[in-house]
Structure formats: C-alpha cells, structure tokens
Asks: 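Following this message is one structure expressed as structure tokens.
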There are 2 protein chains.
Amino acid sequence: MEPDRWLGLDLRHLIALKAIADEGSFGRAAGRLGYTQSAISQQIATLERVVGLRLIDRPGGPRPISLTEAGRILLRHVEAIEARLFAAKADMEALEAGDAGRLRVGTFQSVGARVLPTLLRRFGQEHPRVEVVLQEHAEEDELLELVERGALDLTFMTLPVERRPLEELELLRDPYVLVVPAGSPLAALKRPPTMKEIALQPLVGFNKCRAMDGVETQLASSGRAPNVVFRSDNNGTVQGLVGAGVGVSVAPLLTVDEDDESTVVIDLAGRVPARVIGLVWHRDRHRSPATEAFIATATTVCRELASTRVAA
Amino acid sequence: MEPDRWLGLDLRHLIALKAIADEGSFGRAAGRLGYTQSAISQQIATLERVVGLRLIDRPGGPRPISLTEAGRILLRHVEAIEARLFAAKADMEALEAGDAGRLRVGTFQSVGARVLPTLLRRFGQEHPRVEVVLQEHAEEDELLELVERGALDLTFMTLPVERRPLEELELLRDPYVLVVPAGSPLAALKRPPTMKEIALQPLVGFNKCRAMDGVETQLASSGRAPNVVFRSDNNGTVQGLVGAGVGVSVAPLLTVDEDDESTVVIDLAGRVPARVIGLVWHRDRHRSPATEAFIATATTVCRELASTRVAA
DNA sequence: CTTTTCGATCATGGAACCTGATCGCTGGCT
DNA sequence: AGCCAGCGATCAGGTTCCATGATCGAAAAG
C-alpha cells in the first residue's frame with residue numbers, strides 16, 4: 001500500500017539515470033543536466049540504495065560504463081514516466097494558453113491541397129470558437145516529433161506509424177496512380193501497365209516521401225532498377241515535368257491534378273498498395289473537446305470524399 | 001528539450017495531489033501520507049506554482065474541495081506515472097528476490113483442475129530452473145488486483161478484462177454445458193434444450209463466478225426468472241448436488257467431471273457464449289524470459305487441449 | 001612509470017522541507 | 001444573531017537533505 005521510500009525518491013534521480021544511459025558517462029550526464037559529476041554520482045548512489053540493486057556497471061578507470069539488467073529495465077520505466085510527464089506538461093501549457101482555444105494540427109503537402117480546404121471550412125462552421133493553427137512540414141518524422149513533444153495536438157500522417165506513444169486513426173486510402181504525358185503509349189493501353197513496363201520508363205519522383213520509398217523499392221524488386229531522372233518535393237513541379245515529357249511518375253492520387261491537360265492519369269488497379277492517410281495524436285495527452293470534434297469532422301469529411309471518388 | 005523546472009518537482013507533490021483527490025481534503029490526505037496538513041498545503045502550493053495553474057478549488061470554510069479542470073487532467077497523468085512507478089518497483093523487487101527464479105502465477109478453480117497439471121508438468125520439464133508459485137483465489141478481481149500491484153507476474157483470468165494497465169492473451173474457449181442428473185428427461189432430448197426449458201428447472205449455481213452472472217442474466221432475460229435453489233463455490237459440490245437430483249446446473253465444461261456416473265453433460269451448442277480463458281499480465285512490467293516462456297507453453301498446451309477436445 | 005580519465009568520497013554551505021502554531025474564512029448549530 | 005467547528009493558508013524555526021569543490025583511487029594509454 002505504501003510505496004516505502006520509493007515516493008521519497010526524486011524525479012531528478014530517474015532523469016539522471018536516463019542522462020547517464022544516453023551520454024555513457026557520469027561527467028557528461030552532469031554537464032547536460034547542469035550538475036556536477038559529484039552530484040550525479042550521489043544521485044545514482046541514493047537511487048541504487050532505494051532500489052536495492054546495482055544499476056550501473058562501473059568497470060573503473062577510463063573504461064565506459066554500462067547499465068546492468070536492472071538498470072536497463074528501470075530505464076524503460078523511467079522513459080515512460082518522463083514521456084508521461086512531458087505529456088502532462090504539454091496539457092498544462094495548452095490549458096494555460098488557450099482555454100478551449102487553439103488546436104495545432106500538422107499537415108503535409110498532399111493533404112493540404114485536397115482534404116484540408118473542405119475540412120477546415122466545415123470545422124470552422126461547426127466550431128467557430130476553435131482556432132485551428134496549421135503547421136506544414138515536408139518531413140513526416142518531424143511532425144511525429146512535434147506531436148510527441150506536445151507542440152502539436154494532432155497531425156495528418158501516412159499510416160501506419162510504429163512509434164510507441166502515439167495513437168492513430170485511418171481516414172482514407174489514397175491509391176497510387178501512374179501519371180504520364182498526354183499522348184504517351186502507356187495511356188493507350190486498355191489494361192493497367194505492369195511494374196516492369198513502368199520501370200522501363202524514365203521516372204520523375206519525390207525526394208522524401210515515406211510512401212514513395214515503398215513504391216520505388218517495389219519497382220526495383222520487379223526486376224530492373226528504376227531510372228529516376230529527376231526528383232522534386234513539389235507536387236506541381238513533378239506533374240509539370242511529366243507533362244513536359246521528362247518522364248512518368250507514380251504518385252498518390254491526391255497529389256495529382258486530374259484536370260491538367262498535359263498529363264493523363266492511369267489507374268494502377270491496386271498493383272501498388274494504396275497509401276493510407278490518417279490522423280495521429282499522443283496517446284497519453286488529454287483530448288480536449290476541440291480535438292475530439294476535429295477527429296470526428298475529419299472522419300466524416302474523408303468518408304464523403306472517398307464515396308464521391310468511388311462514384312466518379 | 002529541458003523540461004524547465006518540471007524536473008525539479010518532487011514525486012511527493014504529485015502523490016499529494018492524488019491523495020487529496022482520493023480523500024477529498026488536505027487534512028485527511030496529510031494523515032494518509034504521514035504528513036502535516038501544513039506540509040500538504042505547501043506541496044500543493046509549489047505544485048501549482050510550477051504548473052502555473054490552479055489545480056484545486058478551495059471554496060473556503062468546511063465545504064469540500066474539488067479538482068479544477070487542470071487538476072483532473074493532471075491527476076490522470078499522475079495516476080499513470082504512479083502506476084508505472086509501482087510496476088518499476090515490482091520489477092526491481094522481482095529481480096532482487098529470485099534472479100531468473102520464481103514466477104508467481106494466479107489461478108482459479110476450474111483452470112487449476114484441468115489445464116494446470118499438464119501445463120505445469122510440461123513447463124517444469126522445459127524450464128527446470130524456474131520455480132512456479134501458484135496462488136489460487138476465488139475472487140477473480142482479487143487476482144487482477146495482485147497483478148496490478150506486482151504481487152503476481154501472471155494470472156489466469158476470464159476474458160475480457162477491461163482494466164487499463166493490463167494485457168491479455170486468449171488461451172482457450174470453454175463452452176458452457178448443462179449438467180443434469182442421470183436419467184433426467186432433459187438428457188433424453190435429441191436437441192439441446194432451450195433457455196426457457198432450463199429456466200424452468202431448479203438450478204444449482206456458483207456464488208461468485210463472473211461468467212456465471214452473465215449466464216444467469218441471460219437465463220433471466222429469456223422470460224422467466226431462474227430458480228436457483230442452491231449455490232456453492234466448489235465445483236465438486238455443485239456437481240454432487242446435481243447428481244443427487246437437487247437441480248441442474250449450467251457450468252463451464254472445464255469445471256465438470258465428465259466421468260461422473262451420476263450426472264449427464266449436455267452440450268448447449270453455443271446457446272450460451274463460451275467462457276474465454278486467458279492469461280493476463282501487467283502491461284508496463286518487464287516480461288522476463290521465464291514469463292515469456294510460460295506464456296508460450298500455456299499457449300501450446302491449451303491449443304493441444306482444444307484440438308483433442310474437438311477430436312473427442 | 002607517468003599521465004589521463006573517470007567515478008567515489010568527504011566536509012561544508014545553503015536551500016528546501018516539514019513542523020507547530022496561528023489566522024481567516026465559511027457554514028451549521030443553538 | 002452569535003458561537004463554534006472544520007478547513008486551508010501562512011509564518012517562523014529547526015532539521016534534513018543536497019549540490020558543490022576538492023581530493024582520492026583505479027585502470028588504461030603512452
């Protein structure tokens with residue numbers, strides 16, 4: 001019932017353990033935390049006294065230290081506790097800043113162009129008092145980082161995401177299509193082109209799109225290494241290059257402007273597994289009514305969008 | 001990056017918040033934690049100073065206090081952190097006590113009689129150095145409690161379990177059967193009896209079997225209130241009473257001795273959803289190799305048991 | 001053998017914390 | 001209305017605990 005002297009221990013002791021594990025030395029850990037080496041040494045000493053087990057192997061001399069079995073196990077708990085503490089801090093700061101106020105949402109290009117306009121308009125009508133602050137970032141990992149740190153309340157993301165303290169919800173599946181210049185022989189085919197036929201073409205690709213990598217490896221594994229002649233991160237640029245006859249492009253449908261006269265969009269008929277777009281948020285953070293509402297609206301908007309696309 | 005002064009706060013501050021929330025008063029919280037009311041007051045004051053928000057509404061006078069919105073949100077984080085701390089403590093103690101040693105497993109009667117013997121024999125052969133300590137308890141909730149507190153490493157349980165910090169694994173489905181005295185007219189039926197026919201019989205039931213409650217409510221909802229003439233917690237007693245003609249019993253197959261000549265076991269053909277038996281453990285605790293091995297062995301043993309039963 | 005690196009140890013000054021007493025406030029009791 | 005009881009806030013004081021800075025010991029590198 002009473003956790004003995006465990007409650008007497010200080011969070012700093014646990015953080016010290018983590019710092020040591022990260023830095024690999026008492027001294028460097030002390031530097032990072034703004035303490036003296038002596039202080040760290042004593043903190044670990046008391047921590048080990050409380051726990052009753054040796055947590056760190058000190059071989060002595062200038063040899064590097066290492067965590068014991070117990071230390072490694074405890075470290076995982078410490079990391080979880082620290083993460084939860086960050087989440088708490090983020091919640092408190094959000095509560096302090098805007099009461100029912102701001103909702104900070106991360107996005108990336110292809111979502112921004114298609115889904116967001118309708119979603120934001122709808123959400124603005126339904127919840128006029130909530131101010132949505134968007135943050136676009138090319139690196140999806142950066143967005144996850146921000147969510148973990150509590151700098152974002154939600155983010156759009158390509159699923160699945162395997163990071164631990166996150167929860168995800170699938171919104172829609174965005175199939176990959178082949179974009180070719182108007183008049184390309186591939187456009188004249190009655191059937192969807194094979195992977196090998198695509199790999200024979202000069203390709204225009206994206207720089208750093210997580211899902212793109214998967215497509216390229218699949219192309220590569222289909223025999224011949226794909227010949228990527230140009231890369232860009234801008235959807236319009238890629239499509240423009242395709243239209244100019246530089247090459248063809250395998251791209252998520254949402255990133256393609258289907259009204260562009262200079263290009264033709266060819267369905268890949270599921271040859272490439274569709275990109276799954278969803279929302280991701282911090283599992284441990286408080287979900288405000290505004291957050292829940294945003295998730296709900298996003299769900300319905302995307303369901304509508306998916307059904308109209310099927311109809312069209 | 002640096003969590004400001006958040007790391008300066010003491011675990012006791014957080015625990016104080018929880019104690020206050022539980023007890024509903026600064027004074028009682030102080031008593032529970034072995035402090036003075038003054039100390040608690042100051043702890044909360046510093047906590048609120050660090051957080052920057054008022055966490056507790058003090059109406060003044062003898063009126064009861066209440067948590068603010070921020071307080072409630074923070075409390076949930078505190079509970080998670082405290083739970084994680086308990087898990088860490090349990091892990092450390094387990095590590096301290098027996099190195100690869102003891103494995104503490106919770107059971108209840110029906111599992112104990114059928115599954116455990118084979119499982120323990122097998123596990124003992126495969127892992128002779130692990131000492132398995134069994135703890136049987138009639139109240140399944142108690143078992144869960146022990147797992148949460150870290151007093152047990154694993155427990156058998158009727159699934160599903162909705163408690164939060166637990167993880168579960170389904171082992172086998174144990175169908176409900178009707179046990180009637182030999183020569184009962186119900187035994188002569190070609191078809192499984194209906195719920196109503198069962199409800200008309202005098203019933204012998206269990207006192208506190210979580211799954212049993214579900215069966216009885218289903219019987220009750222089938223029109224007529226079931227007539228329970230006797231209750232016992234001992235499987236043998238129940239079956240003995242049935243054999244003596246006191247009544248019939250709806251019981252999980254595993255609790256029934258099918259070789260008992262005085263009773264007949266009738267398949268209910270899925271009229272009652274089967275009881276799901278599985279293993280439950282603390283999600284946040286370290287799973288030692290011994291734990292993993294036990295889970296693995298239990299899985300295979302139960303799979304074998306299920307297939308032989310289907311064959312028979 | 002010396003040097004260097006790193007953690008352990010020790011005494012000291014200072015900060016934080018708990019205690020005990022007191023005050024202010026509010027609602028209920030008479 | 002007035003008194004009292006219950007509860008939290010506040011304050012001064014003493015103690016404990018903790019970080020500092022210097023020093024020591026051990027082990028590898030040169």
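Keep in mind that this is a model prediction, so the values were computed, not measured. The analysis underlying the following values was restricted to heavy atoms, covering all of them including side chains, and did not include hydrogens, waters or symmetry mates. In what follows, every chain begins at residue 1, and chains take the letters A, B, ... in the order their sequences are listed.
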Asks: For B:Q43, which contact category applies under a 4.0 Å heavy-atom criterion: base, sugar-phosphate, or nothing?
Replies: sugar-phosphate
Asks: Between P on C:dT9 and CD on A:Q37, what's the gap in Å once rounded to a whole number?
Replies: 11 Å
Asks: Round to a whole Å and report the spacing from CG of B:L33 to C1' of C:dT19.
Replies: 16 Å
Asks: Would you check if A:K18 and A:L14 make a side-chain contact, meaning some heavy-atom pair closer than 4.5 Å?
Replies: no
Asks: For residues B:T291 and B:S288, is any side-chain donor paired with an opposing acceptor at under 3.5 Å?
Replies: yes
Asks: Calculate the interatomic distance between A:I20 atom CD1 and C:dC6 atom C1'; express it in whole Å.
Replies: 12 Å
Asks: Using whole Å, what does the distance between atom C1' of nucleotide C:dA8 and atom CD1 of A:I44 come to?
Replies: 13 Å
Asks: Given C:dC17, is OP1 or OP2 found less than 4.0 Å from the side-chain N or O atoms of B:R12?
Replies: no
Asks: What range of DNA chain D does chain A touch, first nucleotide to last, counting atoms under 4.0 Å from its heavy atoms?
Replies: D:dC18 to D:dA28
Asks: In whole angstroms, how far is the C1' atom of C:dA15 from the OH atom of A:Y35?
Replies: 12 Å
Asks: May I ask you to say what B:T46 touches in the nucleic acid, namely base, sugar-phosphate or nothing, with a heavy-atom cut-off under 4.0 Å?
Replies: nothing
Asks: In this structure, how many angstroms lie between the C1' atom of C:dC10 and the CD atom of A:Q42, rounded?
Replies: 9 Å
Asks: From C:dT19, C:dA8, C:dC17, pick the nucleotide closest to the side chain of A:S41?
Replies: C:dA8
Asks: Is there a side-chain contact between A:V130 and A:F294 (heavy atoms, below 4.5 Å)?
Replies: no
Asks: Between B:I65 (CD1) and C:dT26 (C1'), how many Å, whole number?
Replies: 15 Å
Asks: Side-chain contact test, heavy atoms from C-beta onward, threshold under 4.5 Å: evaluate it for B:R12 versus B:Q43 and give yes or no.
Replies: yes
Asks: Quick one, A:L47 and A:L55 - any side-chain contact, counting heavy atoms below 4.5 Å?
Replies: yes
Asks: Using whole Å, report how far CZ of A:R54 lies from C1' of C:dG7.
Replies: 10 Å
Asks: Which pair of non-hydrogen atoms, one from A:V132 and one from A:L120, has the smallest distance, and what is that distance?
Replies: CG1-CD2, 4.0 Å
Asks: For A:T46 and A:Q42, test the side chains for any donor-to-acceptor distance below 3.5 angstrom and give the result as yes or no.
Replies: no
Asks: By nearest heavy atom, map A:G34 and A:P59 onto DNA chain D; which one lands nearer the 5' end?
Replies: A:G34
